[in-house]
Amino acid sequence: MKTLICIVCPRGCHLNIDEENDYKVTGHHCEKGETYGRNELLHPVRVVTSTVKVNSDIHPRCPVKTDQSIPKDDVFHAMKLLDSVLLTPPIRRGDIVVENIADSGAHFVATRDLDT
Amino acid sequence: MFDVAIIGAGVSGSALAYELSRFHLDVVVLEKENDVALGASRANTAIVHGGYDPSPDTLMGRFNVDGARMCMELVDRLDVEFRKTGSLIVAFDEEDMKEVRVLYDRGLRNGVPSMEILDGKEVCRREPNLSKEIIGALWVPESGVINPWEFTLALMEVAVREGVELRLCEKVISLKKRDEGYLVETERGMYTARYVVNATGVHSDEVHNMVAEQAFNIHPTRGQYYLLDRSIGEVVKSVIFQCPSPLGKGVLVSPTIHYNTLVGPDSEVIEDCENTSTTREALDDIARQAKRSVPSLQLGSNIRNFAGVRANSDYGDFYIKMSAPHFLDIAAIKSPGLTCAPRIATYAIELLREAGLDFKEKEAWDGTRRVVRFKEIPEEEREVFIREHPLYGRVICRCETITEGEIVEAIHRPITPVSLDGIKRRAGTGMGRCQSGFCGPRVQEILARETGKAPEDILQDKEGSHILIGDTKEGRV
Amino acid sequence: MARQDYELIVIGAGPAGLAAALSAKEHGLSRILVLERDTELGGILNQCIHNGFGLHYFNEELTGPEYAGRFIDQLDGSGIEIVCDTMVIRLENSDDWRIVHAMSVEKGYQRLKCRAVILAMGCRERTRFAIQIPGSRPAGIFNAGTAQRYVNIEGKMVGRRVIILGSGDIGLIMARRMTLEGAKVLACVELLPYSGGLNRNIVQCLHDFDIPLYLSHTITNIEGKKRVQRVTVQQVDENRRPIPGTEMYYDVDTVLLSVGLIPENELSSEAGVKIDRRTSGPFVYENLETSEKGIFACGNVLHVHDLVDYVTEESQAAGKAAAAFVLGDAPADSGHVIEIKTEPTVSYTVPQTVRVNEVERSLRIFLRVNKIWEETSYIVFRDGDNVIARFKRDYMAPGEMENANIPRVLLDRVKGNTLRVLIEEA
Ligand SMILES: Cc1cc2nc3c(=O)[nH]c(=O)nc-3n(C[C@H](O)[C@H](O)[C@H](O)COP(=O)(O)OP(=O)(O)OC[C@H]3O[C@@H](n4cnc5c(N)ncnc54)[C@H](O)[C@@H]3O)c2cc1C
Ligand SMILES: Cc1cc2nc3c(=O)[nH]c(=O)nc-3n(C[C@H](O)[C@H](O)[C@H](O)COP(=O)(O)OP(=O)(O)OC[C@H]3O[C@@H](n4cnc5c(N)ncnc54)[C@H](O)[C@@H]3O)c2cc1C
Ligand code: SF4
């Protein structure tokens with residue numbers, strides 16, 4: 001039996017996951033928690049948020065995120081990919097900044113608008 | 001070759017530089033730090049003392065009353081923040097009352113004007129937050145609170161504008177006698193000067209020993225403080241001293257020029273004369289003692305703790321002498337050194353004249369300075385003022401209502417600041433309750449922009465106090 | 001001297017100010033002005049680039065800038081006047097008018113007249129000195145929010161070896177952020193026996209990177225002349241006093257402080273608005289009106305929120321109430337007025353006072369408990385000894401704001417002038 005805190009929403013339920021019993025989850029308050037509990041033990045994933053450089057004096061950085069969760073083990077690798085990015089405004093929310101991070105199918109996308 | 005080299009840009013060195021700038025003299029000031037007033041002159045109680053305390057047969061006793069009067073004239077000429085609050089030395093018992101009478105008599109001998117001895121009722125009426133146990137007090141009206149670093153800066157700014165050369169980051173490491181004066185060696189270079197003045201505060205014994213026989217030893221004595229938020233209101237109207245008693249030397253509770261409340265200092269002899277750390281024990285002790293005067297004191301509204309180191313010495317008085325040919329000590333300047341600084345400067349000129357230095361007054365000398373403080377501009381004039389000076393329309397420091405105009409003006413004065421604290425001392429940013437949390441990054445940006453530097457090169461305070469270490473996304477740091 | 005007349009001026013354009021302005025518009029106001037001191041809209045959200053916003057309101061997980069973006073988009077074509085780079089420095093209140101003193105480079109010193117004001121100035125961070133950490137005063141000591149701004153907006157690194165004091169959300173988020181940018185975060189230290197942050201942040205920001213969390217510990221000394229060099233961490237006893245002999249030393253160049261937020265109410269107090277010492281924000285009625293007529297408050301200036309969705313909801317209510325005030329259906333001060341009294345288990349409520357007649361179908365009361373309740377327990381509202389309403393909770397913590405929605409019919413049952421709120425074990 002493993003105990004975990006669910007991180008899907010701020011409620012932070014205390015989950016119990018029974019590895020012997022097909023990863024059965026208890027203690028969750030919604031389905032998302034059940035999925036999270038199982039995944040967290042089998043193949044944990046995270047959304048990564050960071051920034052990239054922008055060619056602008058007023059806004060030297062633009063915030064970005066992965067548009068889906070990526071494997072936890074790839075987080076630092078994904079961060080490295082951002083080091084070499086330089087955007088030039090205008091930038092729109094949702095613009096793809098890095099495509100298909102480590103073949104995960106997830107992209108880094110801009111999370112704000114930046115005008116010239 | 002300079003006529004005079006002053007070592008140390010505290011209030012002593014700055015007041016002398018100011019006075020010397022009246023004359024046709026080539027003067028250089030060598031200061032080891034990156035700005036003026038980074039020693040005792042920035043971390044003290046900021047009181048222009050009345051003069052009842054020092055013994056009449058000391059220089060301190062001789063200079064205090066004159067010094068206070070000169071300070072009060074100078075703050076007008078130099079546009080320095082000052083408030084004449086008066087001081088009360090309160091007594092809790094008959095022992096204390098005896099001390100109050102001793103101080104009163106000493107004050108009379110030192111020429112302190114308009115003192116009065118008050119009874120407990122009158123003290124209570126004037127200062128309702130004081131302890132009801134107070135049975136009387138000495139009232140000294142001719143005293144007040146000043147902005148000590150602004151005072152020091154203002155003196156040096158005018159001196160520089162009037163021709164004195166200020167060299168920062170120049171720590172003097174040796175002095176060699178030459179026929180016509182001294183070869184002054186700093187960590188970065190050499191200067192020659194006919195006369196040398198030692199105004200190095202807690203280091204003044206070391207510098208004295210570079211050219212003369214050991215004559216006194218500095219016993220660095222630290223004092224710690226609390227500074228309380230204005231939001232708790234005016235706790236006291238005047239400076240409240242306690243009489244020295246078996247319980248301790250007593251701590252004071254004082255209003256500041258900005259209507260904050262200052263509480264402290266204690267008195268602790270320390271080894272490292274640059275150690276301005278605060279300690280839990282001392283702060284707790286100060287809190288306990290201060291509550292004797294003001295039982296309701298809210299130390300939870302603290303917005304800053306700090307400490308200063310006094311240049312106390314085994315000599316017991318200011319050490320002001322020609323200690324070697326062409327070498328003047330303005331040494332061991334302990335409290336009330338801030339108050340006495342203008343008078344010490346004129347005394348120093350007398351000594352230098354006796355030692356053969358020629359004083360020829362300049363035809364044109366302007367000893368005044370003006371600064372704009374936005375929050376002092378009446379509301380009805382603000383509209384026009386900002387139209388004419390748009391940068392005064394952008395508030396950078398919310399707590400103290402300091403505008404970009406004031407910051408930019410401060411940067412372009414005769415002594416260019418290099419740090420956030422440098423701006424703080426000139427414009428007053430970050431002095432408030434958020435302690436630069438909000439305005440720090442903005443001030444840094446303005447200072448970088450106006451001086452053509454990268455934000456990383458803007459310091460917090462002294463040399464090496466870097467705030468930022470580089471960019472993100474530049475590979476791993 | 002005052003110039004244009006507005007129906008409503010909103011001070012601050014964070015999520016609170018934006019939601020309030022949009023809601024006031026929706027409820028019938030047309031001359032609305034929003035004043036913001038920063039050069040852009042969105043408030044603190046611009047620097048909160050992490051995800052975790054909007055789960056309740058938008059039903060998806062957004063980052064701070066995205067959440068702000070959704071509201072900023074709605075402003076387009078709304079007719080709401082927005083002016084940035086403008087600081088409000090004073091607020092005057094009279095019976096009929098409010099006068100807002102605002103300053104900017106562009107427009108100079110303005111006295112703007114309006115019928116209603118919504119305070120939405122957010123909060124500021126407590127500093128090292130507010131909690132009196134002794135030691136030296138070198139560079140390298142940052143409020144976590146200031147560091148967040150440097151890193152996320154300016155793209156500047158603030159240090160390499162970091163210790164964090166305070167386990168509130170900002171501190172936790174910054175632990176992860178600094179780690180991702182290549183710094184080494186050695187520990188997160190918390191004075192209380194529990195963390196003030198959300199559980200999910202403890203997991204994602206500390207556990208993920210093996211950063212230890214020391215509960216019931218604090219920093220007792222900071223050393224370093226130029227830049228921070230070393231800090232001392234000590235365990236504390238029940239009275240939060242350091243225990244001798246428990247010293248741990250960390251060689252770090254950076255200390256991040258996440259030791260609490262304080263609603264920014266200097267403007268409000270100067271205008272006569274009464275401040276509740278429990279929240280450090282204004283006392284408000286059920287419609288978020290303060291003690292001063294025509295002045296409303298919402299968001300972090302009212303009380304510190306951990307979830308922006310509640311900020312939005314509260315601010316929409318404030319916008320609606322301000323509109324009603326301006327349009328003349330303002331509550332008459334008559335009718336049954338109930339004061340909500342907190343008992344020791346509850347540290348505060350918002351609102352603090354309820355004019356029962358003004359409550360439509362129900363009233364949502366926000367509150368914080370003052371310790372962790374791990375067993376199932378109840379938030380109980382009592383009129384004298386009578387239970388008016390009871391809300392079951394499995395888990396409550398001071399770091400997570402609670403709310404309870406009381407139907408009007410139940411409020412009507414209150415006979416006295418006070419409603420006590422407390423936590424009772426099941
Ligand atoms: C805690 C405390 C409270 C006080 N309260 C009061 C008060 O309320 N009223 C009052 O009147 N007085 C007070 N004083 C006294 C007053 O502050 C000092 O007497 C005064 O500031 C001394 O000024 P100074 O210029 O002699 O020394 P400092 O201000 O210390 O200046 C000396 C300067 O010399 C520089 N320096 C040192 N060595 C070298 C070197 N080798 N080369 C180059 N530069 C060097 C230092 O960097 C420094 O800038 C107080 C002092 C303290 C510490
Ligand atoms: C670091 C951090 C992390 C958070 N993480 C989450 C999270 O994961 N999920 C979540 O749901 N919530 C989170 N929150 C909470 C949420 O973001 C805040 O509660 C919310 O942003 C508060 O909104 P506000 O509009 O009241 O204040 P702010 O966003 O602070 O806006 C106030 C605005 O008023 C302006 N202003 C202030 N004074 C004046 C003046 N005198 N004149 C003109 N303008 C002025 C300011 O510049 C600012 O723009 C987080 C908060 C912080 C600080
Ligand atoms: S950061 Fe502090 S000192 Fe600066 S404007 Fe804000 S409140 Fe004022």
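Lettering of chains follows the sequences in order, A, B, ..., and the numbering in each one begins at 1. Since we're looking at a predicted model, the values are computed, not measured.
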Looking at [options], which one has more heavy-atom pairs under 4.5 Å with chain C than the rest?
| options | value |
| --- | --- |
| Gln224(B), His389(B), His466(B), Arg387(B) | His466(B) |
| Ile386(B), Thr403(B), Ile303(B), Thr279(B) | Ile386(B) |
| Arg442(B), Glu404(B), Glu445(B) | Arg442(B) |

State whether Glu264(C) and Arg398(B) are salt-bridged, where the test is any N-O pair (Lys NZ or Arg NE/NH1/NH2 against Asp/Glu carboxylate O) under 4.0 Å. no
Is any side-chain N of the basic residue among Arg230(B) and Glu400(B) closer than 4.0 Å to the acidic one's carboxylate O? yes
Would you say that more than 12 heavy atoms from the other residues, nucleotides or ligands in this model lie under 6.0 Å from the CZ of Arg449(B), or not? yes
For Glu106(C), is the CD atom crowded, meaning more than 12 foreign heavy atoms sit under 6.0 Å from it? no
Would you sort out whether Ser419(B) and Asp421(B) count as a side-chain hydrogen bond (donor to acceptor under 3.5 Å, both in side chains), showing the intermediate values? CA-CA 5 Å; Ser419(B) 66; Asp421(B) 281 6; 5.8 Å; no
Using a 3.5 Å distance criterion without hydrogens, assess whether the side chain of Arg128(C) forms a donor-acceptor pair with backbone atoms of Ile133(C). yes
So, using ring pair (Phe, Tyr, Trp, His ring centres under 6.0 Å) as the criterion, who are the partners of His101(C) when residues are at least two apart? Tyr109(C)
Check each atom of Asp272(B) against the heavy atoms of chain C and say whether the ones under 4.5 Å are side chain, backbone, both or neither. side chain
Given heavy-atom pairs under 4.5 angstrom as the criterion, report whether the side chain, backbone, both or neither of Tyr226(B) touches chain C. side chain
[X], part contacting chain B, at a heavy-atom distance under 4.5 Å:
| X | answer |
| --- | --- |
| Arg126(C) | neither |
| Asn265(C) | neither |
| Leu267(C) | both |
| Glu223(C) | neither |

Of all the residues in residues 454-465 of chain B, which have a heavy atom that comes within less than 4.5 Å of a heavy atom in chain C? Pro455(B), Glu456(B), Gln460(B), Glu463(B), Gly464(B), Ser465(B)
Would you please name every residue forming a salt bridge (charged side-chain N to carboxylate O under 4.0 Å, His left out) with Asp285(B), sequence neighbours left out? Arg288(B)
When only pairs under 4.5 Å are counted, which of [options] shares the most heavy-atom pairs with chain B?
| options | value |
| --- | --- |
| Gly155(C), Ser269(C), Gly224(C), Gly108(C) | Gly155(C) |
| Val158(C), Ile89(C), Thr86(C) | Val158(C) |
| Lys225(C), Glu125(C), Glu154(C) | Lys225(C) |

Thr221(B) meets the side chain to side chain contact (heavy atoms under 4.5 Å, CB included) criterion, sequence neighbours left out, with Ser267(B), Val269(B), Arg310(B), Asn312(B)
Go through Arg37(C) and Asp85(C) one step at a time and tell me if the salt bridge (charged side-chain N to carboxylate O under 4.0 Å, His left out) criterion holds. CA-CA 5 Å; Arg37(C) 68 180 172 195; Asp85(C) 204 0; over 6 Å; no
Working to the nearest 0.5 angstrom, can you tell me the gap between Ile163(C) CD1 and Leu257(C) CG? 10.5 Å
Is NZ or CZ of Arg230(C) both nearer than 6.0 Å to the six-membered ring centre of Tyr249(C) and within 45° of the ring axis? yes
